[in-house]
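Report on one structure; see the data block that follows.
Note that these values count all heavy atoms, side chains included, but never hydrogens, waters or copies made by symmetry. Residue numbers start at 1 and run along the sequence shown.
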Amino acid sequence: MLATPPDFDVLIVGAGISGIGMAAHMEMHCPTRSYAIVEMRENLGGTWDLFKYPGIRSDSDMHTLGFVFEPWKHEKSIADAPSIMDYLNTIVDERGIREHIRYQQRVIAADWRGDEARWHVTIQMPDGEHKRMTANFVYLGSGYYDYDEPYDPGFDFGEFKGQVIHPQFWPEDLDYAGKKIVVIGSGATAVTIVPSMADKAAHVTMLQRTPTWMFSRPAKDALANFLRKILPEEMAYKITRWKNIKMQDFSFKMARNKPEKVKQGLHKRILKSMGKDYDLSNFTPPYDPWDQRLCLVPDDDLFEAMKSGKASVVTGRIAKFVEGGVELESGEKLDADIIVTATGLKLAVAGKIAVTQEGVPVDFSERFYYKGCMFSNLPNLAVVFGYLNASWTLRADINSDFVCRVLNEMERKGSDIAVPVLPQDHGLEEDDIFDFSSGYIQRGKHIMPKNAVSYPWRLNQEYIADRKIMMTEPVDDGLLSFRKAGANAQLPGEQLEAAE
């Protein structure tokens with residue numbers, strides 16, 4: 001046992017959905033362990049506090065984007081950011097988490113020291129001063145994208161005389177009443193912004209280089225609201241959550257196995273809203289459904305805005321930006337007072353923290369995922385990278401639960417260290433699980449950790465299977481090694497994967 005204990009047993013980075021979820025699991029399953037949450041921003045909520053653009057909402061249902069342990073009680077299943085923030089604030093207050101959060105503290109570096117069995121973490125304070133903190137275990141709930149810098153497609157706005165806005169840095173006092181707006185992009189952000197701005201704007205045009213598959217559904221889950229009237233809240237939530245999980249899984253597999261049938265179904269929904277003679281060319285991508293995430297259109301809001309004449313969708317390539325708008329390669333000109341560049345996010349690994357192991361930089365692109373939660377030969381560190389084909393929180397929940405099981409197993413064994421051991425001569429066959437054609441995925445693949453074909457050295461994309469493995473199979477699986485401080489290999493003479 002080391003003479004001086006670390007400042008905290010667990011340091012949680014980020015007070016968004018992932019970080020709050022981990023803290024809640026610790027309160028439930030590891031009540032004797034000390035922890036702190038460090039959050040670089042002035043408020044909790046992560047994405048849901050950062051983005052301020054009109055209409056910001058969930059792009060999946062809150063019965064799966066919500067936590068397994070906290071029922072979603074609002075009438076709308078597709079929820080706006082204020083409702084999600086209320087949900088998160090309720091959790092941190094009712095579960096005693098708020099007192100553990102430290103705001104405006106940015107983690108900039110973390111070095112693992114095996115002889116001490118702890119991470120030495122460097123934190124930048126609001127005044128720029130660097131502070132040191134130690135923790136036995138680090139949990140990265142810092143999300144998957146760069147909070148400081150969005151993706152820049154390199155547009156030249158030189159001649160444009162209007163205002164240019166990126167959704168990640170939305171001015172809260174923006175007055176767009178009576179203005180002509182062009183929103184560049186066709187992802188979830190653009191599909192949210194266009195109908196939300198259409199009520200006040202003169203006109204909003206969604207300019208897309210490539211169409212996106214759209215999925216229309218009601219914002220309210222009729223079954224969920226019915227069940228809440230006749231069953232206890234927790235039981236109604238549990239049933240609805242499982243129903244939606246199964247539906248997500250079924251829909252994804254159907255899209256992979258029978259893409260033409262799914263295309264027909266998606267088009268049928270659009271024609272039901274827009275009319276049977278509507279030209280579907282702007283909603284017919286050159287790829288199959290779920291090669292990229294489907295865009296949710298709650299209550300047909302985008303289609304209603306288009307039918308009213310307040311919004312339109314244009315497919316084309318930008319030739320240049322001119323004084324009064326955008327000129328396309330086709331020669332068409334789109335007038336604009338305001339241009340919104342909803343062109344996507346920039347991926348980031350480990351919250352851009354400079355992670356080192358015994359002073360040697362860790363290159364995550366050379367490490368294999370372990371159960372989509374930890375990394376090969378990197379001790380006492382876990383992360384959340386949510387599902388691409390389902391709600392983020394599904395992964396956050398099972399990872400948090402798994403880490404708590406690891407912490408309890410460490411305590412049971414009297415261990416200081418838990419490390420997934422991968423020998424240097426592992427011979428694993430690599431697999432590209434990020435076979436999504438979305439721009440942000442393709443742009444960031446070179447920095448992502450490795451995935452093997454076989455479990456557990458991969459970030460799997462099947463929640464139901466992952467949940468069974470992560471929550472029921474033994475933590476001590478022969479690959480996750482439990483050690484005392486100062487110990488080296490799991491077995492005498494064992495050779496591990498080289499440190500980067």
Side-chain angles (χ1 to χ4, degrees), residues 51 53-57 59 78 150-151 153 155 157 160 162-168 170 174 176-217 266-267 269-271 273-275 278-287 289 292-322 324-345 438-440:
F51 287 95
Y53 59 78
I56 177 171
R57 55 163 173 79
D59 65 347
I78 307 303
Y151 170 63
F155 292 141
F157 294 103
F160 182 61
Q163 191 170 2
V164 179
I165 299 168
H166 192 283
Q168 197 163 326
W170 195 272
L174 178 68
Y176 56 88
K179 302 288 182 67
K180 294 179 180 178
I181 301 165
V182 171
V183 179
I184 303 174
S186 60
T189 302
V191 171
T192 300
I193 289 174
V194 170
S196 298
M197 297 186 78
D199 58 345
K200 295 180 183 178
H203 189 83
V204 184
T205 303
M206 186 173 84
L207 172 58
Q208 59 183 15
R209 185 175 59 183
T210 307
T212 298
W213 286 109
M214 304 286 176
F215 172 61
S216 178
R217 60 158 287 180
L266 295 173
H267 277 159
R269 289 172 183 263
I270 296 173
L271 293 176
S273 178
M274 298 297 294
Y278 179 73
D279 180 1
L280 290 166
S281 58
N282 286 324
F283 296 99
T284 307
Y287 55 85
Q292 297 183 20
R293 277 188 76 110
L294 269 62
C295 272
L296 176 64
V297 181
D299 293 331
D300 286 349
D301 59 0
L302 174 64
F303 307 131
E304 292 300 320
M306 293 171 65
K307 286 194 294 184
S308 73
K310 296 280 286 181
S312 57
V313 176
V314 174
T315 303
R317 291 181 172 270
I318 297 170
K320 61 180 178 178
F321 293 89
V322 295
V326 187
E327 187 175 303
L328 305 182
E329 290 181 357
S330 65
E332 182 181 2
K333 181 186 174 187
L334 304 177
D335 294 332
D337 303 302
I338 299 171
I339 291 175
V340 179
T341 56
T343 49
L345 305 166
S438 303
Y440 74 99

Heavy-atom donor-acceptor pair, [X] side chain to [Y] backbone, under 3.5 Å:
{"X": "W213", "Y": "Y287", "result": "yes"}
{"X": "D337", "Y": "K180", "result": "yes"}
{"X": "S186", "Y": "T210", "result": "yes"}
{"X": "S273", "Y": "I270", "result": "no"}
{"X": "K320", "Y": "E327", "result": "no"}

In Å and rounded to the nearest 0.5 Å, what is the [atom1] to [atom2] distance from [X] to [Y]?
{"X": "Q163", "Y": "I181", "atom1": "CD", "atom2": "CD1", "value": "10.0 Å"}
{"X": "D279", "Y": "L271", "atom1": "CG", "atom2": "CG", "value": "10.0 Å"}
{"X": "D300", "Y": "M306", "atom1": "CG", "atom2": "CE", "value": "11.5 Å"}
{"X": "R317", "Y": "L328", "atom1": "CZ", "atom2": "CG", "value": "11.5 Å"}
{"X": "D301", "Y": "S216", "atom1": "CG", "atom2": "OG", "value": "8.5 Å"}
{"X": "I318", "Y": "L207", "atom1": "CD1", "atom2": "CG", "value": "5.0 Å"}

Is the shortest heavy-atom distance from the side chain of [X] to the side chain of [Y] under 4.5 Å?
{"X": "L266", "Y": "F283", "value": "no"}
{"X": "I184", "Y": "F155", "value": "yes"}
{"X": "N282", "Y": "P211", "value": "no"}
{"X": "I165", "Y": "Y53", "value": "no"}
{"X": "Y151", "Y": "L345", "value": "no"}
{"X": "R293", "Y": "D59", "value": "yes"}

Given side-chain contact (heavy atoms from CB on, under 4.5 Å), test V297 with R269 step by step and report yes or no.
CA-CA 11 Å; V297 181; R269 289 172 183 263; over 6 Å; no
Show me, pair by pair, the donor-acceptor contacts under 3.5 angstrom made by side chains of residues 187-199, not counting sequence neighbours?
from	atom 1	to	atom 2	distance (Å)
T192	OG1	R57	NH2	3.3
T192	OG1	A188	O	2.8
S196	OG	T192	O	2.9

Looking at every heavy atom in both [X] and [Y], which two are closest together, and how far apart are they?
{"X": "T212", "Y": "P285", "answer": "C-CG, 3.5 Å"}
{"X": "F51", "Y": "P167", "answer": "CD2-O, 3.5 Å"}
{"X": "T284", "Y": "L280", "answer": "OG1-O, 2.7 Å"}
{"X": "G325", "Y": "K333", "answer": "N-CE, 4.4 Å"}

Strictly by salt bridge (Lys or Arg N to Asp or Glu O under 4.0 Å), give each pair with a member in residues 202-217 just once, sequence neighbours left out.
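Passing the test, one end in residues 202-217: no pairs.
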May I ask you to check whether F303 and Y278 place their ring centers less than 6.0 Å from one another?
no
Please enumerate all residues that pass ring pair (Phe, Tyr, Trp, His ring centres under 6.0 Å) together with F160, with sequence neighbours excluded.
none
With sequence neighbours left out, write down each residue that passes salt bridge (Lys or Arg N to Asp or Glu O under 4.0 Å) with K179, or none if nothing qualifies.
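For K179 there are no salt bridge (Lys or Arg N to Asp or Glu O under 4.0 Å) partners, ignoring immediate neighbours.
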Set of residues satisfying salt bridge (Lys or Arg N to Asp or Glu O under 4.0 Å) with respect to E304, sequence neighbours excluded
K307
Could you pull out all residues at least two apart from H166 that satisfy side chain to side chain contact (heavy atoms under 4.5 Å, CB included)?
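For H166, the residues satisfying side chain to side chain contact (heavy atoms under 4.5 Å, CB included) (neighbours in sequence not counted) are P150, Q168, T341, T343.
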